[in-house]
Structure formats: C-alpha cells, structure tokens
Amino acid sequence: FFTIVILCLFASSLYSLDIQAALYELCWHVIQGNFKLDLSASVLCDMMDLRDDMPSILADVFSILDIETSSLEEKNKRDHYTQLVGACLFFVPDAILKERLDPETLESLGLIKQAHQFNQKIVKIKTKLFYKQQKFNLLREENEGYAKLITELGQDLSGNITSHIVLESIKSLIGCFNLDPNRVLDIILEVYECRSDQDEFFLPLIKSYMCEPLTLCHILGFKFKFNQEPNEETPTSLYHIAAALLHHNLIELEDIYVHVNPSAITYSHKPKDVGRAALRLTSAAVPIALSFTQAHPHTPHLPLYPQAPDNQKLGLLEALLRIGDWHHAQSIMDQMPAFYATSHKAVALALCQLLHLTVEPLYRRAGVPKGAKGCLLRPLRNKRAPRPAESFEDLRRDVFSMLCYLGPHLSHDPILFAKIVRLGKGFMKEDTLLSCFLSIADQVLLPSLSLMECNACMSEELWGLFKLFPYQHRYRLYGQWKNETYTSHPLLVKVKAQTVDRAKYIMKRLTKENVKPSGRQIGKLSHSNPTILFDYILSQIQWYDNLIGPVVDSLKYLTSLNYDVMAYCIIEALANPEKEKMKHDDTTISSWLQSLASLCGAVFRKYPIELAGLLQYVTNTLKAGKSFDLLILKEVVQKMAGIEITDEMTSEQMEAMTGGEQLKAEGGYFGQIRNTKKSSQRLKDALLDHDLALPLCLLMAQQRNGVVFLEGGEKHLKLVGKLYDQCHDTLVQFGGFLASNLSTEDYIKRVPSIDILCNQFHTPHDAAFFLSRPMYGHQILSKYDELKKAEKSNRQQQKVHKYVAACELVMSPVHEAVVSLHPPRVWDDLRPQFYATFWSLTMYDLAVPHNAYDREVKKLQVQVKAIEENPDVPMNKKKKEKERCTALQEKLQEEEKKQLEHVQRVLHRLKLEKDNWLLAKSTKNETITKFLQLCLFPRCIFSAIDAVYCARFVELVHQQKTPNFCTLLCYDRVFSDIIYTVASCTENESRRYGRFLCCMLETVTRWHSDRAVYEKECGNYPGFLTIFRATGFDGGNKADQLDYENFRHVVHKWHYKLTKASVHCLETGEYTHIRNILIVLTKILPCYPKVLNLGQALECRVHKICLEEKEKRPDLYALAMGYSGQLKGRKAHMVPENEFHHKEQPVRSATPVSQQNGPGTTTKPASKTEEGVSEDADRAKDKYQGAAKPVNKANSTAAKVTTSNGNGAPNSTKTIKERDDKEKSGKEKKEKKEKTPGNTLETKGESRREKQRDERGAGGKEERAPREGKEKTPKADRDKQKAEEKNSKEDNKAKAGNGEPKEPSRERDTGAKESKSKEKGGDRSAMSGSLKSPVPRLESAESERDHKRRKLETHSSPSHSSSVKVSMA
C-alpha cells in the first residue's frame, strides 16, 4: 500500500493541490491508527526531495489537521497527530511550523515554552509593523525642500543644465530638508510626466538617482492603479514615461505588466466571443445594421471588438510603438490574441507610423513614382528604434514581421498601403524576396483592401503589383482571399455578410433600364470585396441567364484588379466539382454551364481581361479527357473574333465564305467582324504568349474520337453526338481563327508537318490537313513572290509558270509526307499528288464568287446613298462613313481581282497535274472507292464550306477531263446507298452531308434539265464513258458515251435510291436514323424530290412519323413537321415520272445474257466496271434505237442467271455463244438503222402501239388499277385479294425493319401482268442492271407475297431507270 501511495504522489507531483490531498490522506490514516507512525514518517521524509516547497506544503496539511483534531473528543487521535508532527520535526523547519500551527500545539511539541507569552509577543510585533509610524513623516519634513525640488526639476533645460548637476542639487535638498528619497523619486516622475518631451534629460537623471528597478516599478504601478478607477482615464504622458523607461531598460516588462489593467485572464475567451459575435452578425444582425445605417447615415461605426473602459496595456503598447520600441511592443502583442491589439485604431496607426519611418529611405530610392513628391518624414531620434531599410533585404529584418502583426488593419493607412505596394513593384524589378511579398499580399494587402471602403485608387495600385505576377500566383492569392481570409478575421466575417446583403439588394433591382446606376453601385462594392460580389453575381447568372446582358453592361465601372478577379471567379465556378455538367436526363449540357459560357464570351470580349487562365483551364480539361468546357472556348472565340460556326448559313453567306477575308467579314458571318479587331488581337496574344494555340488544336482533334470511345461510355447517344459536334465545331472555329489572325511566320513556326501531325501527335487526317492547309497557302504565295522578285516579268504566262513552280517546290515534301499516312496499296489507285491536292485546296482556290462581291459592293453603295440623303447625320460623320464605305468597296474590288488571278493560276496548275492524278492499276471502281473513302466522305462532313468544296471538286475533276476518273460512277456511288452514311453521322454532320448531297444534286439537276447543257458539259467527257475498252483509253468514240435520255433515266434511278434509303431510315424507329435523314432531306429539298410519286411516298412516311413521335420524341416531331410543311410547299415543282424522264413500256421479250453483259468477245478485255456501268449504258442505247427483236423462251430462260446488279453470270458454253451471236445481231441492226432512218420511226411507232396494248391489257397505269379491280373482280375474288394484300402488308412491315422499303401507293395489277406475260410467251426477266430491260414478270409458281415484296422495285424504279450499278468486285 505504501508503494501505491508513493506512486500516486509521484504521478501528481507537478500539481500541489493533488499533493496536498495525498499528504492529507496519508496523515489522516496515521491519526486514525491505520498506518504505522514510523513508516509514515519515513515516507514523508522521502517525499521532501520531490519539490523545494514540500516542507511548506506539509506544514499547511499539519495546520489543517491541527484545527480538525483540536475539536475531536477522541484524545488518542490528538495524540497520534502530535506524535506524527513530532516525528517530522527533523525535516520540517521550526520557523514554518511556528507560522502555521496553533500556539498550544507548538507548546505541546516543545517548540515554544509558553503559549501565553508567545501570543503577547505576536501582538507587539504586529503593532510595531502595522500601526506605529516611521520617524520620517510629513510632519517632520520641510515643505520648502519639496518646493525647491520642484523648482529645480522644472527649470529651463535649454542651457548647460545637465542631469548630473541637477542630481547633485537633489541630493543636497534631501540631506538639507530631510526629504524621503521615494517621495523624491515620485516627484521626479511627476515632473517627467508633465515634461514628457525631455527624455534626454530625465532618463539619465532617473538612471543615476534610482538604486533599485523594483522600487521604480512600484511607484509607476501605484500611478497606474490610481487611474484604474471607474471615472479616471490614464494620461498619455504616463504611458510615454513607462514606455521610455522600458525602452532604456530601467524597468522590466514583466515587473510593470502586472500593474496595468486588464489582467491577462481577460483575453482568454476573447477570440471565441468575437467569432460568435461575428457569426451572429452574419446571420441576423446585418439586415438590422444595414437598415439602421440607412436610417442614420451619420452614426459612427462601432468596432466589432468590445473595448474595455481603459485598456492600459494597449495604451502602453501604443506608447512603445510611438517611441519605436518594437521589441517590447512585439512581446506585448504576443501575449494577446492575433490582431487584437491592431484592431484598435490607435495601436494600428502607431504601428503604421513606425512602418512609415522604417521603409522611408528605401521607398524614396525605389518606390516613388516619377513626378511624385510626397512629404518627407523625420526619422526617430531614438537610436534603439528599428533601423530604416536601405535595401530590399533589410525589409526581411523588421518590416515584414510588423506587417504580419498589422494584418488587415493596414486599411487604416491607405498611404502606407500604397507605399508597400510600390515597394513590391520595385522589388519585382530586382526579382528577390518573391515568396515574402506573396505572403504579405495574402495576409496583409488583400484583407486590408477588403476593409477599405470603396477605394478604387488602392485597387488600381494593387493591380500594378499583381500584374507583374504570373496568373497562377494571382489566382492562388484570389482563392485564399475568397475561401480562407474571410473566415480568419471576425471583422472580415462582418464585411462579407454586409457585401452579400448589398449584392442581393443590387441584383434584385438590376434591369436593362437601370444599368448605369446599378453598375456604379456594383463598381463601388467591387473595389473592396470583388470575390464575394462576383461569387454571388455568378450564382445568380447560373440560375437566370437573362441577367447576362445587364450584368455585362454594368461591369464597366470595375478596376483592372476587379476584372482579373472576375476571371478567376468564373474559372472557379466552372470548375466547381459539386455541380453536374449534364442535366438529369443525361442528354443535354446543363443550363448553368451554358450561361457561364455565354457570360465568358461577352465579358472577355467587352473588357480587357487576361485570357490565359481561362484558356489554360480549357486545355487542362481537354488533357483530362473532358470536352464539356469546350463550350466556353467556342463562345469566347465566337464573341471575341466574330467567327461563328453554324450549319444554318444562307446561300448568300455560303457564297461569301468562298471569297477572301474581306468578303467573309462583310457577308459571310452573322456578326460585325470589324468590331472585334481589338478583342481578337487580345485572344491571339494570349494564345501565342502562353503557347496554347497548337496544343488546343491537337487536343480538340484527338478529343473528337475520345468523346465517342473514352468519354462517352455510359452517356446517352444524343449527348455523345452533341459533345462530338461541339468538339468538332470548336476545332473548325478555332482553326479558322488562327488561320485568319496569325501571321504567316507565326503559323508556320507553330504547325508541324503533316506526317508529324498524323504519326506523332495522332491527329486525324482531316483535322491535320485542316490545320496545315493555311500553311501551304502561305508558303506557296511566299515562294511565288520570291520567284517574281527574282525575275521580274509582267507576262501572265510566265507568272503562271512561276506559280506552278512555287507549288511544286512547296508541295513536293508534302507529297512525300502523305505516303506514310496510308498503306502502300492505297497509292496503286490514287497518286499522293492527287491526294495532297484535294486536301490542300479550298473553295477560294476553285471559283470566284462574283455575285457575292457584286452584292456586297451594291450594299455599300446603298449605304453611301442613304448617308448622303440623311439630313440628321452631321457632316463630319457623313464624311467618315462615306470614306469607310468607299474604302471597303475598293478593298472588295481589289480582293475580287486578286482572287480571280489566283483561281486562274490554280486551274492552270490543275490542268497540268491532272494527267498524273489517277493510275490505272486497278479498276475504276476501286479508284472511286478509295477516292470516296479517303477524300470525299471525310471532308464533306468536316464543315459546311468543305461540303460545297467536295461537290465542286468532283465537278472540277470532271470538267478537267481527268483520265481514269469515272464521273458517272462517282455520282452513282454517292447517291446509291446513303443509309450507312446517314446513320453514322452526328446531327451537325448530317447537315453538312445534306448540303454536300444538295450541291451534287444541283449539278446533276442542271445536266438533267437541259439537253444542250448536258451535251456541252458531259457529252464528250471521259467521265461519262460507259465502256472502257482498254487500260488508259478514255475517249473519242461517241457510241461509248451515255446519251442524254439515258442520263435522265440514271438520274431517276438515283432519285429512287434516295427515296428507298430515306424510307428505310424513317421506318427503323431509331432516333439517330430518323433525325439524320430528316435533316438530310431538309437540306436537299431544293433538288429532291422532283418526281411526284417519290414525293408522295416520302410525304406519307413523314406524316406517319409526325403521328408516332408527337408524344414520344418532340424533337423528332418538330423536325418531321418542319420538313412536311416544306415538302408540301415544293409539290408545285414536282413533275410526273414520265416528264422527269422518257418513260416507255419495255418490249415484251427477254434479252439474252450476251446482250446484258455488254460487248462481246470481239472487243478488247474490259475492266470490272465494264460489267456494271459501261454494259448497262451501251445496252440501253442499242435498245432505244429500236433494234430489239423478240426472242424465244430458251433465250429468256438463259437470262435468269443474271445477277441482281445487272452483271451476267453465264455458266455454260452455250450461253456464251448465244451472247456473242446476240451482240453481232445487235450491231447489224444498229448499222441497218443508221442507213434507214424510217426504220427507227417505224420501230418507235410499233413500240408505242405495243405499249398501248400492254397498258390496256395489263392495267399498267396505277390510277386505273383500283377501279378495274372493283369493276371486273367478283366479290369472292375481291375478298380473297384483300386478304392476300393484308398478309402482304404485314410481310412488308417485317421486311421494312431489315432495310426493304414499303410498297409505293401506285401498284400494277399482278394478275393482268401474269396473263400478259403468258400471252407473249416470255419468262420473267432478271435484268435489273440494264438501262432498257423489260419490267420484271412473275412466274405463276411465285407466291403473292414474294410478288408484292418486289412491287416497289418493279414499278417505282423501272428497269430503264437503273442505269448504273456499282460493282465492288
């Protein structure tokens, strides 16, 4: 047990209260008799070594036990107590026991003789100490001596009076008049207090006079105590002398600190109390305070810290700072809560004054602006004050620590604020102490700015320093200012609450009508607390996008610093991880992100805000594989550069976009691009200064596929398409901006070669050429100018040759570089020169938009005329506007002339190159396939202008009579099957693809509409050859060309194919298929449909879409309704099928296989294309010349082996021989016809009569079929026929999902056709690929369902309209 007690005592040895309790318990157990006396005394003896004051503690315990045991009745306990104390006498001093124990107890212990005598002695000592006067008292002192003392101390000290002389006089007075020395010291301090400016006299006097510092502290403490009364106020002079004595080490801070008020315990809960007060103020008191302030504007603001009645410690601190004693002042502030001392204005101003004096020499050398004078400050005469800073390194010694103690309360002295900022600007020039100044900006400058009331000058001054920092450092400061600073200072909590409340007040009343006054209020509020204000404004804009316009207009009163903070706040709002960037349906981008993006574009365009941070943010999000924020870049480029990417351009705009930059600016864009010159320059500078131009392009190009394969894993298909379109459109927009704004040197320096772009940076080929294309143009023009300067010549032919030479010099490395982009087998058909030429040219190179230039010039002329006729316009303004319009006219005319010369040079170059474009190593089908796959399709969906370019390029290649290029096959491949292409497009790509098809159809329609145009542009061109007799042979034989009538049949076939693909897409039920085909159909509406029955089929299917999607998918319903309305408006322009092409009833005889397969064995071997296009066209011409004769059933049976694309497949020698014979007979007939013109007329007449008989017998016309069925068919047969038709319709619906179109409304009567076929004795013909094959017939063994499945093919696309079949072999 004793061991446990000792361990307990050791464990609690640091706390005397616990030791006393343990000692008491131990002693009490001894008194009770529980413990042995000798063991207990031994333990107590051992414990004496634990602490120095242990005997005194034990004596206190004995004193308590003495009182308790004296009142007990049990005498044995009293005896035990006496024995215990007696046993402890050898280690507890007698003197301590005599002080604490009762006299009777001392007598029983033998420490005193008699208790009675001891009590008398105590009374005498107390009387002598407390009641008996000293022999030196006021009654015995001479008043004359004090009077002389005061006179001596108050004399004029300007002469040769020194402290030593006065001290000798004081000593004489003390000795002569018997004066009390302490009283003399008190009088010296009193006089010093009255003459506090005489430090140099009194301090040496006191130092010489004083013998003990503690005495001086007691006298000063008495003076401070006297002024601690409720109605008393401590004089400033007393603080001054105390501070002076401390500064000269005449007293110690610890000694005087205990005498001043308040005690240290007062500060213990001060920060918590103040924090709670600030939070209460934030939640409830702010509205009350603001309403009170508005009602009483002249009421002074009360400090947030509750001020004590008279805080002598703060007064002493202020005095120390005034005299420059930073060491002692720092010690006092360390004992207070952070910023508590400087929250009192007097202390803060004193510290500011000390800072003024410290930084003055350095400020005069490195901080004073040019032309500024300022007032000179007198330095302190105190040699012990902090040394003035002479260099920036000296600031580290004291100035930075002083500023950190001052904190946000630097706001009390704006002049010092400006000095520190200017020193920072000077320091940045010398590039030292960067981290120190960043810390000062974070802890002092920005919090102080928040406490200043509407000081725009300080905001601009601070921006002068901040703009020297990189934006990364600035944004870090703004982030700490916004998110941390306002929570670390109670005063700033209050200011934040007031700012938010005031911002709410302004934003509730902000409208378009009161932008100016509201803008002024926002400007005033933003000068001090921009982060809080902008944070609230942005939160409102994210909810209400109609505030964007008024807010942007109201920001014109902001300072430069505020604009920079605005940029940071926008970026922070965009990067908010708590906000979802998709709506809840996961199909569209959130409205808050769209609102912020619109705000970015408007704000950055209108105001001079640095863009580097925003651009880097977009770059970082792209690097992270996220493309949502590309919306921001798109808006910024659109607003700042005026470049808007949209597929909804009018035809006039598209035409203007094919011209020069001036024409684009005037007629190609929706906005006024000339008003964006300054903003586009700022955007360009930001991109170049931070090297973000190429990285952004490459990241966007790579992210297009990332949207689909990486980012779009779980996203809705509709959203993936929108993100892809947004990424692609932004790339096109951004690339266009770089091409039009960067200089030639900047562009070439930043864009690498095409092989590096594709192979190293993995840029898609279309994007790589898009980026490289302007570079090629710049390089060619530069090289052309060099060649012209080297050999001056005005002859146009020589200029053209120089241009061609420049192109060869520039493009030769490109031809070599593109070889690595594709496998070697690709170049068996396409030459790298052709590939690079296609991708490097633009519409600017191919044609001059003369109409667009004329249109814009006329607009300017109208403007000039309107200005002249307007009497309200001042003369000077008229003159300026007329000069501007005239200058623009001249620029446009000069640009048109320049483009015309350029186009002529390009066309001449292409004419020289065309013979080497395409090789004949493979079939023309393979060549066209690779051209479509690698060139046409990737580029036609890249942009709207590229879609037009692709169509025009195909036409140009045709017009150039390019060898080995089959124009007919190219158009056929484009129109024949668009299902897969449409299905794989995004929404915007569908618009571009539709524009491409429209342009292609425009060309086809132009050829189709006029025989003379066709003969002129296609009649003798190799692209319309239908038979290629030998490798490399392209021409000359008129018989090999596709004639006009057969071309019209081909066009009808293309229209039918488009209808079939459109119906299939509409019947799939897939959202993407339906949306895309409706977009494509809307785009090609000017040129398709032209045939009435095809238009009716489309109208019927679109109407069904309108009914089905009205409730399920409103966006599809809107598209369908829009197209349906436009389609009805185009009905007047549609024509019947027989007007669209010369539609004749085919001869009722089957054609031998030999005639289906084109020329016989007498010709040279034909290419694979021969089996499709050439053979069909050749056969059609023969048939239309009336040379066909009936053949027997054997021949028609042999025709059954014909494949579905019109290619014959004979499988016997007999069949081949029959084909050869048929070909010979066909040629003989042709020769006979040429010799006998009447034969042609007779044959045609016979054919016409036969057709009429056919129509009457078979009921061929669709209008008659229903009527005849009703009139001639019995009721039972009609019921049976209806049932069969119902089954057929169900079957067609099932097949429609597999890509087969529904039957058209106009059908032939099947029974009549069968009977007519039997009468003629001919079998069903399978020649679907020939130009003039008979209508397919059904054998009696075929089922009704199979027959109806073929109805659309047999009627809507008659055999003579299927002129071109593409062979993929």
Side-chain angles (χ1 to χ4, degrees), residues 637 641 643 645 654 657-661 663-664 668 693-694 696-698 700-701 704 728-759 761 763-784 803 806-818 821-822 832-847 899 902-903 905-907 909-910 913 934-953 956 992 996:
V637 175
I643 298 177
I645 295 299
M654 284 299 300
M657 290 298 289
T658 63
E661 293 298 327
L663 182 61
K664 289 180 184 177
L694 182 63
L696 275 172
C697 289
L698 297 179
M700 281 188 282
R704 288 190 308 167
H728 179 82
D729 291 348
T730 309
L731 172 64
V732 175
Q733 180 191 34
F734 190 70
F737 166 76
L738 295 179
S740 59
N741 286 271
L742 264 63
S743 65
T744 306
E745 295 75 15
D746 287 334
Y747 202 95
I748 295 174
K749 183 171 65 175
R750 282 168 172 78
V751 178
S753 63
I754 188 69
D755 52 339
I756 294 177
L757 278 174
C758 296
N759 298 330
F761 293 110
T763 309
H765 298 166
D766 54 352
F769 276 106
F770 168 71
L771 296 176
S772 303
R773 203 172 296 135
M775 180 173 62
Y776 300 150
H778 291 322
Q779 290 175 333
I780 290 173
L781 290 178
S782 300
K783 186 63 68 175
Y784 176 55
Y803 179 79
C807 292
E808 290 178 357
L809 290 173
V810 173
M811 297 303 293
S812 294
V814 181
H815 300 159
E816 297 174 1
V818 297
L821 304 186
H822 297 291
Q833 184 182 21
F834 175 72
Y835 182 80
T837 300
F838 173 83
W839 281 105
S840 62
L841 295 180
T842 63
M843 276 302 296
Y844 179 84
D845 305 310
L846 300 186
Q899 186 178 1
H902 174 74
V903 170
R905 291 194 297 266
V906 171
L907 293 179
R909 166 199 163 192
L910 298 181
E913 291 180 359
L934 303 179
C935 298
L936 210 60
F937 283 154
R939 188 164 181 182
C940 75
I941 60 173
F942 195 83
S943 68
I945 195 68
D946 282 319
V948 178
Y949 167 81
C950 289
R952 295 293 175 256
F953 187 83
L956 177 67
R992 300 180 203 117
F996 165 70

If the condition is ring pair (Phe, Tyr, Trp, His ring centres under 6.0 Å), which residues does Y784 pass it with, not counting sequence neighbours? Y803
Side-chain contact test, heavy atoms from C-beta onward, threshold under 4.5 Å: evaluate it for S840 versus V814 and give yes or no. no
Atom pair CD1 (I945) and OG1 (T842), whose distance is rounded to the nearest 0.5 Å: 8.5 Å
Do any side-chain atoms of residues 767-778 form donor-acceptor pairs under 3.5 angstrom with protein atoms, and if so which ones, sequence neighbours left out?
from : atom 1 : to   : atom 2 : distance (Å)
S772 : OG     : A768 : O      : 2.9
R773 : NE     : W839 : O      : 2.7
R773 : NH2    : W839 : O      : 3.3

In short, A847 meets Q899 closest at the heavy-atom pair O-NE2, 3.1 Å
Distance from L742 atom CG to R750 atom CZ, nearest 0.5 Å? 6.5 Å
What is the ring orientation for F953 with F838, classed by angle as parallel under 30°, tilted 30 to 60°, or perpendicular over 60°? perpendicular
Kindly compute the distance separating CG (N759) from OG (S753), expressed to the nearest 0.5 Å. 9.0 Å
Calculate, to the nearest 0.5 Å, the distance between atoms CG and CG belonging to L757 and L694 respectively. 7.0 Å
Spacing of CZ belonging to R939 relative to CG belonging to D766, to within rounding of 0.5 Å: 10.0 Å
Does H765 reach the side chain of Y835, with side-chain heavy atoms less than 4.5 Å apart? yes
Check against side-chain contact (heavy atoms from CB on, under 4.5 Å), V732 and D946: CA-CA 11 Å; V732 175; D946 282 319; over 6 Å; no
Closest heavy-atom pair, L821 versus D755, reported as atoms and distance to 0.1 Å, is CD2-CA, 4.4 Å
Centre-to-centre under 6.0 Å for H728 and F942, is that the case here? yes
CE of M657 to CE of M843, rounded to nearest 0.5 Å, is 11.5 Å
Correct closest heavy-atom pair for L846 and V903 would be O-CG1, 3.6 Å
Do any N or O atoms from the side chain of Q779 and from the backbone of I748 form a donor-acceptor pair under 3.5 angstrom? no
Where H815 and A836 come nearest, the two heavy atoms and their spacing: CD2-CB, 3.5 Å
Can you name the closest pair of heavy atoms from C697 and L731 and give their distance? O-CD1, 3.7 Å
Considering all heavy atoms of both residues, which atom of A947 and which atom of R992 are nearest to each other, and what is their separation? CB-O, 3.3 Å
Residue list, side chain to side chain contact (heavy atoms under 4.5 Å, CB included) with V637, at least two apart or on another chain: L633, A641, L683, Q733, F734, F737
Does the side chain of R905 reach to within under 4.5 Å of the side chain of I780, using non-hydrogen atoms? no
